[in-house]
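Have a look at the structure below before the remarks.
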Amino acid sequence: LHTFHGKNDGANPVGGLVLDKAGNLYGGTFDGGVNGGGVVYKLSPSGTGWRFTTLYSLTGGYGGPYNKLTLANGNIYGFTEAEGKNGLGSVFKLAPAKGGWTFTDLYDFVGGSEGAQPYGSVAVDKDGNVFGTTNTGGSQNQGVVFEITP
């Protein structure tokens with residue numbers, strides 16, 4: 001459906017795909033994009049195959065969306081594994097906006113008891129609360145389950 005070139009389209013799409021009701025596929029790349037931190041992309045079915053669109057290019061060097069994205073409440077949610085303000089991962093939301101998508105950084109992990117390096121995907125309830133897990137941190141440095149409230 002698409003071959004990545006490691007440029008504006010990103011590189012290393014390791015997180016898998018999610019499908020919306022219209023048949024569009026959404027995913028992320030761990031690296032690449034115009035800002036170097038990976039991209040969130042959409043593949044749309046068309047009469048001649050599939051159309052690839054970069055929805056958002058994250059800032060960083062290596063550690064962008066490493067996991068499957070979540071579609072909830074009309075938004076795209078995900079996290080970076082090693083980006084964010086502290087380099088320990090971050091949780092983000094992309095909301096549809098006029099002519100594009102609006103990026104919101106919901107949380108930057110700080111390590112220690114609050115965890116770091118999130119893995120997996122997030123769950124989002126109807127109120128916009130975001131739940132997930134980290135790979136490290138917590139009292140035993142074995143990871144934490146977290147909740148982010150809007």
Side-chain angles (χ1 to χ4, degrees), residues 2 4 6-44 52-150:
H2 179 77
F4 289 88
K7 309 242 185 238
N8 294 350
D9 65 341
N12 307 110
V14 296
L17 299 166
V18 292
L19 180 70
D20 71 10
K21 292 178 184 177
N24 299 302
L25 298 169
Y26 296 85
T29 68
F30 189 65
D31 198 14
V34 296
N35 298 318
V39 303
V40 174
Y41 63 88
K42 174 181 174 181
L43 281 163
S44 305
F52 180 93
T53 306
T54 299
L55 302 180
Y56 192 81
S57 184
L58 294 130
T59 301
Y62 191 71
Y66 193 77
N67 305 282
K68 188 184 252 187
L69 301 170
T70 300
L71 302 177
N73 308 324
N75 302 309
I76 300 170
Y77 294 84
F79 43 66
T80 65
E81 191 267 336
E83 300 292 354
K85 183 172 64 174
N86 304 308
L88 299 172
S90 64
V91 179
F92 65 86
K93 174 176 87 170
L94 288 171
K98 198 180 236 182
W101 293 80
T102 300
F103 177 86
T104 303
D105 182 350
L106 299 176
Y107 184 75
D108 293 300
F109 290 93
V110 297
S113 63
E114 295 188 28
Q117 297 178 305
Y119 275 81
S121 60
V122 295
V124 182
D125 68 15
K126 64 178 176 50
D127 297 320
N129 297 304
V130 180
F131 304 88
T133 59
T134 67
N135 187 42
T136 62
S139 62
Q140 303 298 311
N141 200 33
Q142 299 300 308
V144 299
V145 176
F146 63 84
E147 175 185 9
I148 298 169
T149 56

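Note that these values count all heavy atoms, side chains included, but never hydrogens, waters or copies made by symmetry.
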*Carefully, step by step, assess I76 and W101 under the rule side chain to side chain contact (heavy atoms under 4.5 Å, CB included).*
CA-CA 10 Å; I76 300 170; W101 293 80; 3.7 Å; yes

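- Summarising the geometry of A72 relative to V124, their closest heavy-atom pair is CB-CB, 3.7 Å, with the distance given to 0.1 Å.
- Side chain of D108 to main chain of K85: a donor-acceptor pair is present (N/O by atom type, distance under 3.5 Å, no hydrogens or angles).
- E114 and Y107 share a side-chain donor-acceptor pair at under 3.5 Å.
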*asked:* Applying side chain to side chain contact (heavy atoms under 4.5 Å, CB included) to T80 and F30, what does each step give before you reach the verdict?
replied: CA-CA 8 Å; T80 65; F30 189 65; over 6 Å; no

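- When all heavy atoms of P65 and G38 are compared, the closest pair comes out as CD-CA, 4.5 Å.
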_Please determine whether side chain to side chain contact (heavy atoms under 4.5 Å, CB included) holds for the pair Y77 and V130, giving the CA-CA distance in whole Å, both sets of side-chain angles, and the decisive distance to 0.1 Å._
CA-CA 9 Å; Y77 294 84; V130 180; 3.9 Å; yes

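- For the pair N73 (side chain) and D125 (backbone), a donor-acceptor distance under 3.5 Å is present.
- Between G6 and A11, the shortest heavy-atom contact is CA-CB, 3.8 Å.
- Residues P118 and L88 approach most closely at CD-O, 3.8 Å, considering heavy atoms.
- N35 contributes no side-chain N or O that, together with a main-chain N or O of T59, makes up a donor-acceptor pair within less than 3.5 Å.
- By the 4.5 Å heavy-atom criterion applied to side chains, Y26 and V40 are not counted as neighbours.
- The ring pair (Phe, Tyr, Trp, His ring centres under 6.0 Å) search around F52 returns H2, F4, Y41, not counting sequence neighbours.
- The closest side-chain heavy-atom distance from N12 to Y66 is not below 4.5 Å.
- T29 places a side-chain N or O within donor-acceptor distance of the main-chain N or O of D31, the cut-off being under 3.5 Å.
- Using a 4.5 Å heavy-atom threshold, the side chains of F79 and V122 count as touching.
- Here the straight-line distance linking atom CD of E81 with atom CG of N67 works out to 8.0 Å at 0.5 Å rounding.
- Listed here is the closest heavy atom pair of T134 and G115: OG1-CA, 3.7 Å.
- When N24, L19, V18 are each tested for a side-chain contact (heavy atoms from CB on, under 4.5 Å) with L71, only one passes: V18.
- One distance of note links CG of L69 with OG of S121; it measures 9.0 Å at 0.5 Å rounding.
- Expressed to the nearest 0.5 Å, how far OG1 of T54 lies from CG of D9 amounts to 6.0 Å.
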Distance-only criterion, 3.5 Å: show the donor-acceptor pairs between side-chain atoms of residues 136-150 and protein atoms not counting sequence neighbours.
residue : atom : partner : partner atom : Å
T136    : OG1  : A116    : O            : 3.3
N141    : OD1  : G137    : N            : 2.9
Q142    : NE2  : Q140    : O            : 3.3

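- Between S90 and D105, the shortest heavy-atom distance links the atoms CB-OD1, 4.0 Å.
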_F109/Q117 under side chain to side chain contact (heavy atoms under 4.5 Å, CB included): CA gap, chis, key distance, verdict_ = CA-CA 8 Å; F109 290 93; Q117 297 178 305; over 6 Å; no

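- Every ring pair (Phe, Tyr, Trp, His ring centres under 6.0 Å) that F92 has, sequence neighbours left out, goes to F103.
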